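Let me begin by presenting the structure, written as structure tokens, before commenting on it.
Treat the numbers as computed from the prediction; the structure is a model and nothing was measured. All ligand and atom numbering here is 1-based and tracks the order in the structure.
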Amino acid sequence: KGMNPPQKIPFPPEKISMSWRQKRRPGAGLYNLGSTCYLNVVLQCLTYTPPLANYLLSRQHSRFCHRQGFCMMCVMEDHVRKVLYSSASAIRPRAVIRDLRCKQFQLLQQVFFPSLRGELLTSFLVIGEFKPDLPGDAYEFLRCTLSAMHRACLSGSSDLDISSQGTTIIHQIFRGILRSRITCLGCKTFSDFYTAFLDVLLKIK
Ligand SMILES: [Zn+2]
Ligand SMILES: [Zn+2]
């Protein structure tokens with residue numbers, strides 16, 4: 001209510017399977033490559049989110065992905081397959097971290113060599129201001145990863161209206177809608193505003 005219905009639905013909700021398509025034993029653990037334990041935590045949470053893992057394992061994304069260069073969905077697809085199909089007790093999440101480092105490098109390049117801008121500006125938008133080498137913030141990494149995956153789902157469909165953009169598989173799984181209501185103290189009339197979010201910060205006391 002109060003939002004325009006989407007014109008197109010990149011990923012219809014009925015195609016999402018909330019429980020594991022196959023029974024499988026737990027996949028490989030992840031080695032800490034320096035100060036990357038917080039990345040590992042987030043990667044493992046995403047790997048064991050059944051609707052996301054089902055989708056990534058089905059390779060529906062990469063079969064139709066025309067993205068040149070970095071694509072967070074393709075990176076995650078490789079990562080989840082590697083973890084869940086590996087017979088090793090732990091693997092090194094090298095690909096994910098290498099790609100993030102590479103993003104970071106491009107970001108620096110953009111600052112110091114602004115003539116290269118066009119292409120690099122898109123890379124900057126892909127992963128935001130995330131800095132993988134700083135011992136850091138799992139929350140920030142999750143936020144950047146989800147929005148990079150969402151953007152990867154949208155590439156190739158630039159004509160989508162705002163509410164259709166909210167129906168990628170990433171938004172279908174992780175999105176919530178925040179309703180802000182302003183009520184007039186005089187006549188009690190209210191107006192509502194809706195904002196989509198992919199994460200909620202909770203206070204821990
Ligand atoms: Zn891709
Ligand atoms: Zn009023």
query: Which angle, to 10 degrees, forms at the Zn ion (ligand 2) with SG of C187 on one side and SG of C184 on the other?
result: 110°
Angular separation of H61 NE2 and C71 SG about the Zn ion (ligand 1), given to 10°: 100°
- prompt: Are I91 and Y31 in one and the same hydrophobic cluster, where Ile, Leu, Val, Met, Phe, Trp and Tyr link if side-chain heavy atoms are under 4.5 Å apart?
  reply: yes
field: Nearest heavy atoms of M76 and M149, plus distance in Å
entry: CG-SD, 3.5 Å
query: Looking from the Zn ion (ligand 1), what is the angle between SG on C65 and SG on C74, to the nearest 10°?
result: 110°
field: Straight-line distance of C153 SG to R67 CZ, nearest 0.5 Å
entry: 9.5 Å
query: Which pair of non-hydrogen atoms, one from L84 and one from A53, has the smallest distance, and what is that distance?
result: CD1-CB, 4.4 Å
